[in-house]
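Below is one structure, written out as structure tokens; the observations come after it.
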Amino acid sequence: GDSVTQMEGPVTLSEEAFLTINCTYTATGYPSLFWYVQYPGEGLQLLLKATKADDKGSNKGFEATYRKETTSFHLEKGSVQVSDSAVYFCALSVRREYGNKLVFGAGTILRVKS
Amino acid sequence: ETGVTQTPRHLVMGMTNKKSLKCEQHLGHNAMYWYKQSAKKPLELMFVYNFKEQTENNSVPSRFSPECPNSSHLFLHLHTLQPEDSALYLCASSQASSGDRGLLYEQYFGPGTRLTVT
């Protein structure tokens with residue numbers, strides 16, 4: 001079935017360090033891929049998305065490239081800030097009659113220290 | 001108000017109580033969702049409503065009863081819950097469509113209701 005696998009956390013980094021959070025997926029067809037972020041005490045917010053192979057999604061300094069050949073969508077940021085501390089969820093969108101259904105990974109906690 | 005709102009933000013209830021969670025979206029969407037988020041578990045989709053019709057129920061126990069009176073409002077009625085039902089309940093909405101166009105539409109989430117069952 002459709003699934004998303006994320007690297008386990010927590011990931012702890014110092015401010016200005018380089019971030020990579022790995023995400024791989026299994027899906028039939030050609031899903032859209034998303035990264036959501038959840039700050040403490042809040043719901044999930046869309047961070048970025050990519051809808052076809054080789055697309056690069058980007059937002060707030062974060063980037064992820066849709067790699068069909070490796071079925072991956074790794075999240076990267078060149079220089080993290082304390083305010084980036086949150087839980088990051090990779091997700092894919094699968095086709096249903098009513099529209100899209102999101103399948104989420106387990107989430108990766110990111111802690112950034114000053 | 002903008003986006004997706006949920007009330008209450010926190011709820012403590014006993015196992016014999018009956019309560020309801022409310023979700024409202026101000027985005028003009030036609031699909032609404034209930035998710036359960038438990039510690040150390042992936043986000044679990046519970047129910048989906050598309051144009052007010054329930055289109056998905058992921059084997060959720062009957063002590064959870066959803067209601068969607070219109071495209072902007074979604075309720076989750078709770079009764080005789082168990083302690084393991086304690087979790088963050090998230091509501092989301094999106095545009096509703098069929099076919100491949102549906103893959104493009106992201107979901108917008110509310111802040112959630114933190115439920116504790118004692």
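Here is the naming used below: chain letters follow the sequence lines, and residue numbers restart at 1 for every chain.
Under the 4.5 Å side-chain contact rule for hydrophobic residues, B:Tyr49 and B:Tyr89 share a cluster. Note: the hydrophobic cluster containing B:Leu76 does not contain B:Val12 (ILVMFWY, side chain heavy atoms under 4.5 Å, direct or indirect links). Tracing side-chain contacts under 4.5 Å through hydrophobic residues (I, L, V, M, F, W, Y), one never reaches B:Leu90 starting from B:Leu78; they form parts of separate clusters. Placement of A:Val37 and A:Leu48 within a single hydrophobic cluster is found when ILVMFWY residues are connected by side-chain heavy-atom separations under 4.5 Å, directly or transitively.
Counting heavy atoms of neighbouring residues, nucleotides and ligands inside a 6.0 Å radius, atom CD of A:Glu16 does not exceed 12 of them. A:Glu15 CD: more than 12 foreign heavy atoms inside a 6.0 Å radius.
Contacts between A:Leu46 and chain B at a heavy-atom distance below 4.5 Å involve the side chain alone, from C-beta outward. Only the side chain of A:Gln38 comes within contact range of chain B, with at least one heavy atom under 4.5 Å from a heavy atom of that chain. Using a 4.5 Å cut-off between heavy atoms, B:Arg9 contacts chain A through its side chain alone, with no backbone atom that close.
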Query raised in the report: Where do B:Gln37 and A:Phe104 land on the side chain to side chain contact (heavy atoms under 4.5 Å, CB included) test, with the steps shown first?
Result: CA-CA 11 Å; B:Gln37 186 177 29; A:Phe104 287 89; over 6 Å; no
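Considering every non-hydrogen atom in both A:Leu102 and B:Tyr35, the closest pair reads CB-OH, 4.0 Å.
The side-chain heavy atoms of A:Phe34 and B:Gln107, taken from C-beta on, include no pair separated by under 4.5 Å.
Rounding to the nearest 0.5 Å gives a distance of 11.0 Å between CD of B:Glu106 and OG1 of A:Thr51.
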